[in-house]
Novice: 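To start, I am sharing the structure in question, which I have written as structure tokens.
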There are 2 protein chains.
Amino acid sequence: MKSIRAIVEEEGISLTPQRLAIIDFMEGNRTHPTVDEIYQDVKSMYPTISKATVYSTMQLLCELGAVQELSIRKRGEACFDPRENKHQHFLCRKCNRVIDISVDLYDEEDIIKAIDSRGHRVEDVHSYFYGVCSDCIQSK
Amino acid sequence: MKSIRAIVEEEGISLTPQRLAIIDFMEGNRTHPTVDEIYQDVKSMYPTISKATVYSTMQLLCELGAVQELSIRKRGEACFDPRENKHQHFLCRKCNRVIDISVDLYDEEDIIKAIDSRGHRVEDVHSYFYGVCSDCIQSK
DNA sequence: TACTGATTTGTAATCATTATAATATTGTAA
DNA sequence: TTACAATATTATAATGATTACAAATCAGTA
């Protein structure tokens, strides 16, 4: 899997110290941090960074496909995930953690079984498909 | 499939005129309305209704399992769906519509094929699993 | 070194949602 | 029917994430 930094460098996008600090924090990160969590962490190394920079950098990384924005937290903040090997996301409604489930499965029922077999309890599944609808493809 | 109204009545919850107007609008509704869209529609019949009432009623209907809250719109508003037969949700990034895909399938790749076969183009899939994690089950 | 464009910063604005408190309505018991 | 308590509704204020914006800074190049 290509690193976030490698993807950014390949695109010829300038690696400012702020961006580098954010990328370093995200690289291999499995905690699914929110913008505020990224901001708090980077600020300790780089005290003058602004939250607006975190927003713009995360948007950039999403556009490059280097990270993924998750909207798993209902009515809450976005959180981010480096795009790595196929895995699923499980949100615990008690402790509010987003837990990676590393399975290479595509069938919802198989995935639920895999999550259950790790000792968790699945109560709900939301699957969202994104793209372009037939009307918009035609009226292009 | 049980109607929203039937579910509410079974629970012995009082059917105020405001709730009834909201339920009537949601019953069989396939447009996945947001709170504001529900509010605008109901207001035309019931001009004094408050948006706070729409919020509280939608929360009630969700708790009863009569409707489902979707967070398919990234960084956007919640939208709602009467709980009916199994189907999938497809968001068009151009026209911003949420389109129901009526399939009784559980395999992501099969679902994508079904959506494609209707002339749409799927670009991304987000599947979110919700429940209680093993740590929280144990430390109960 | 000077200049141009991109980036960062801090702040203000926006927008959905939640909280709150006053008012109105409902259901129930006398 | 009347009175009362519990519940629901309303309007408004508060919150919190995100976006917009303009000024200041920085990077790369002629």
Novice: If I take atom CD1 in residue B:Ile13 and atom P in nucleotide D:dT9, what distance separates them, rounded to the nearest angstrom?
Specialist: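 In whole Å, D:dT9 P and B:Ile13 CD1 are 11 Å from each other.
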
Novice: May I have the distance from A:Lys43 (atom NZ) to C:dG10 (atom P), rounded to whole angstrom?
Specialist: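 A:Lys43 atom NZ is separated from C:dG10 atom P by 10 Å.
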
Novice: Considering residues at least two apart in sequence or located in another chain, which fulfil the side-chain hydrogen bond (donor to acceptor under 3.5 Å, both in side chains) criterion with A:Tyr128?
Specialist: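 So A:Tyr128 forms a side-chain hydrogen bond (donor to acceptor under 3.5 Å, both in side chains) with A:His126.
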
Novice: Nearest whole angstrom, please: distance from the P of C:dT7 to the CG of A:Leu61.
Specialist: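 Spelled out: CG on A:Leu61 to P on C:dT7 is 12 Å.
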
Novice: If I take atom CG in residue B:Leu15 and atom P in nucleotide C:dT25, what distance separates them, rounded to the nearest angstrom?
Specialist: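 One finds 17 Å between P of C:dT25 and CG of B:Leu15, rounded.
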
Novice: What is the distance, rounded to the nearest whole Å, between atom CZ of B:Arg19 and atom P of C:dA24?
Specialist: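 Answer to the nearest Å: 19 Å.
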
Novice: Is any NZ, NE, NH1 or NH2 atom of the basic residue among B:Arg97 and A:Asp135 found under 4.0 Å from an Asp or Glu carboxylate oxygen of the other?
Specialist: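 Judged by the 4.0 Å cut-off on N to carboxylate O distance, B:Arg97 and A:Asp135 do form a salt bridge.
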
Novice: Counting just side-chain N and O atoms, does B:Arg73 come under 4.0 Å of either OP1 or OP2 of C:dA16?
Specialist: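 Answer is no, no contact under 4.0 Å.
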
Novice: Are A:Asp107 and A:Lys113 ion-paired here, with the side-chain N under 4.0 Å from a carboxylate O?
Specialist: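 No, A:Asp107 and A:Lys113 are not salt-bridged.
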
Novice: Please encode protein proximity along nucleotides 10-30 of chain D as a string of B, S and -, counting only heavy-atom distances under 4.0 Å.
Specialist: BB-----SBB-----------

Novice: Could you walk me through whether A:Asp104 and A:His87 pass the side-chain hydrogen bond (donor to acceptor under 3.5 Å, both in side chains) test, one step at a time?
Specialist: CA-CA 7 Å; A:Asp104 188 24; A:His87 63 274; over 6 Å; no

Novice: Please test A:Thr34 against A:Asp36 for side-chain hydrogen bond (donor to acceptor under 3.5 Å, both in side chains), starting from the C-alpha separation and ending with a verdict.
Specialist: CA-CA 5 Å; A:Thr34 61; A:Asp36 193 63; 5.5 Å; no

Novice: How far does CD1 of B:Ile115 sit from SG of A:Cys133, to the nearest 0.5 angstrom?
Specialist: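 Result: 12.0 Å between the selected atoms.
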
